[in-house]
Amino acid sequence: MRPTIEQLPASRIREVANAGLGRPDVLPFWFGESDEPTPEPIRQAAAESLARGETFYAHNLGLPELRAAIGAYMAGLHGGIDEGRIAVTSSGVSALMLAMQLLAGPGDEVVAVVPVWPNLTAQPAILGAKVTRVALHARGGAWQLDLDEICRRVTPTTRVLLLNAPNNPTGWTLTRAEQQVLLAHCRRTGTWIVADEVYERLYFGGRCAPSFLDIATPEDRVVVAHSFSKSFLMTGWRLGWMVLPATPGVRDAVGKLLEFNTSCAPVFVQRAGLAALGLADTLVPRITAHLQACRDRLVAALQTLPRVQVAPAPGGMYAFFRVDDEDDSLALAKRLFTEHGLGLAPGAAFGPEGEGWLRWCFASQDLGRLDAGVQRLADALG
Ligand SMILES: Cc1ncc(COP(=O)(O)O)c(C=O)c1O
């Protein structure tokens with residue numbers, strides 16, 4: 001086995017959660033998904049596809065009608081996105097891996113803004129790239145980027161700047177002004193931007209979080225990764241997409257990589273994606289409005305607890321909070337789970353920058369579950 005793979009850290013969320021799966025007394029808030037199943041019309045579209053016998057390979061880049069629908073959906077949000085820039089992938093995580101395979105090889109430098117969902121930094125490491133971590137800074141429970149610092153760290157030898165905003169786990173979201181500075185800087189250094197924007201619609205300040213697609217030209221070195229998982233309640237379907245630069249050769253290269261990775265996304269899953277996009281105008285605002293209610297309820301309740309530092313995040317589905325004098329997040333998460341039946345993700349799962357913090361996924365259909373969870377936390381903290 002390659003030493004790089006042996007040395008990859010195992011998921012710390014799993015370290016806590018695997019022991020609790022199937023335990024009915026546990027209130028689980030550790031994984032990044034809603035407890036609401038995929039809406040019926042989306043499931044129906046997949047069932048009808050299977051009933052029609054759509055069980056064959058498809059185009060590497062995705063069904064043309066799905067690419068067209070994604071192109072129209074993205075153009076509606078960001079203007080001027082041609083469907084020729086879209087590649088359909090078997091999940092957001094696969095879109096991100098394909099972006100890394102396209103751009104970063106052994107010895108290349110990837111600068112990542114952290115803390116972040118650990119898959120993002122593991123992917124370049126798997127490919128032999130060198131990952132430089134640049135930390136967000138927490139002030140009063142809210143997280144901020146030091147723009148001067150990131151511009152100092154991204155140099156002409158940096159191959160990729162990797163950003164996830166709205167961010168998992170912190171909820172931190174890039175502002176338009178920050179995106180402009182970063183794009184201008186990366187144009188100067190010749191650095192690619194890989195933007196993980198899977199939470200762009202789970203944003204509480206408007207229809208959509210600021211996106212690099214709003215400001216980049218089609219020729220800029222910007223790749224954006226997307227997913228059906230979060231905004232369409234489709235985590236188990238494994239469907240996502242990439243928005244690529246229009247530069248000749250890029251999409252064909254991704255088509256080759258897709259062939260060697262998954263060959264194509266399953267057709268019945270793509271049909272479900274098409275149905276989901278048809279519902280986007282009503283479904284996504286409904287999901288986001290509910291998430292905002294969840295966030296407000298949870299954060300307000302957490303703020304009443306002594307020793308807890310938390311601020312409402314502008315986007316995403318997580319409350320990331322600190323408990324004073326509790327510096328070992330893995331030990332605290334294990335204690336909350338074993339002694340109090342409360343399932344949270346330890347901040348250390350997102351890198352050393354998240355140590356001392358806990359992540360709570362608030363995507364709960366029943367707001368009462370959040371109240372019950374806060375009561376368990378209150379009992380645990382005395
Ligand atoms: C930041 C971030 N990016 C990408 C993904 C990928 O989602 P999926 O692979 O389910 O499409 C996730 C899932 O949790 C995530 O948190």
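These numbers come from the heavy atoms of this one structure, side chains and all, not from hydrogens, waters or symmetry mates. Start at 1 and go down the list; that is how both ligands and their atoms are numbered.
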- Item | Same cluster (ILVMFWY, side-chain, under 4.5 Å), Tyr318 and Leu336 | yes

- Message: Between His137 and Glu149, do the side chains contain a donor N or O and an acceptor N or O under 3.5 Å apart?
- Response: yes

- Task: Examine Asn168 against ligand 1 and note whether any of their N/O atoms are separated by less than 3.5 Å.
- Result: yes

- Examine Leu239 against ligand 1 and note whether any of their N/O atoms are separated by less than 3.5 Å. no

- Measuring from the heavy atoms of Tyr199, does anything fall under 4.0 Å of ligand 1? yes

- Query: Does ligand 1 have an atom that lies less than 4.0 angstrom from a heavy atom of Arg238?
  - Reply: yes

- Purely on distance, is any nitrogen or oxygen of Thr235 under 3.5 Å from one on ligand 1? no

- Message: Are Trp241 and Val250 linked, directly or through intermediate hydrophobic residues, by side-chain heavy-atom contacts shorter than 4.5 Å (ILVMFWY only)?
- Response: no

- Task: For Asn164, take its heavy atoms, then give the atoms of ligand 1 lying under 4.0 Å from any of them.
- Result: 1 (C)

- Item | Within-cut-off N or O pair, Gly92 and ligand 1, under 3.5 Å | yes

- Message: Hydrophobic cluster membership, with links at side-chain heavy-atom distances under 4.5 Å among I/L/V/M/F/W/Y: are Leu98 and Val269 in one?
- Response: no

- Nearest neighbour of atom 12 (C) of ligand 1 from the list Phe350, Trp117, Phe228, on a heavy-atom basis: Trp117

- What's the spacing between Asp281 CG and Arg207 CZ if we round to 0.5 Å? 7.5 Å

- Query: Relative to the ring of Phe320, is the ring of Phe350 parallel (under 30°), tilted (30 to 60°) or perpendicular (over 60°)?
  - Reply: perpendicular

- Protein heavy atom at shortest distance from atom 2 (C) of ligand 1: Asp196 OD2, 3.3 Å

- Message: Can you confirm, on distance only, whether ligand 1 has an N/O atom lying under 3.5 Å from any N/O atom belonging to Ser229?
- Response: yes

- Do Leu145 and Tyr203 belong to the same hydrophobic cluster, where Ile, Leu, Val, Met, Phe, Trp and Tyr are linked whenever their side-chain heavy atoms lie under 4.5 Å apart, directly or via other members? no

- Message: For Met100, run the side chain to side chain contact (heavy atoms under 4.5 Å, CB included) check against Val110, Leu120, Asp108 and tell me which one passes.
- Response: Val110

- Item | Ser329 and Glu355: side chain donor to acceptor below 3.5 Å | yes

- atom 7 (O) of ligand 1 - nearest protein heavy atom and its distance: Ser227 OG, 4.0 Å

- Near Val198, which atoms of ligand 1 are under 4.0 Å from a heavy atom of that residue? 2 (C), 3 (N), 4 (C)

- Minimum-distance protein heavy atom relative to atom 13 (C) of ligand 1: Lys230 NZ, 3.1 Å

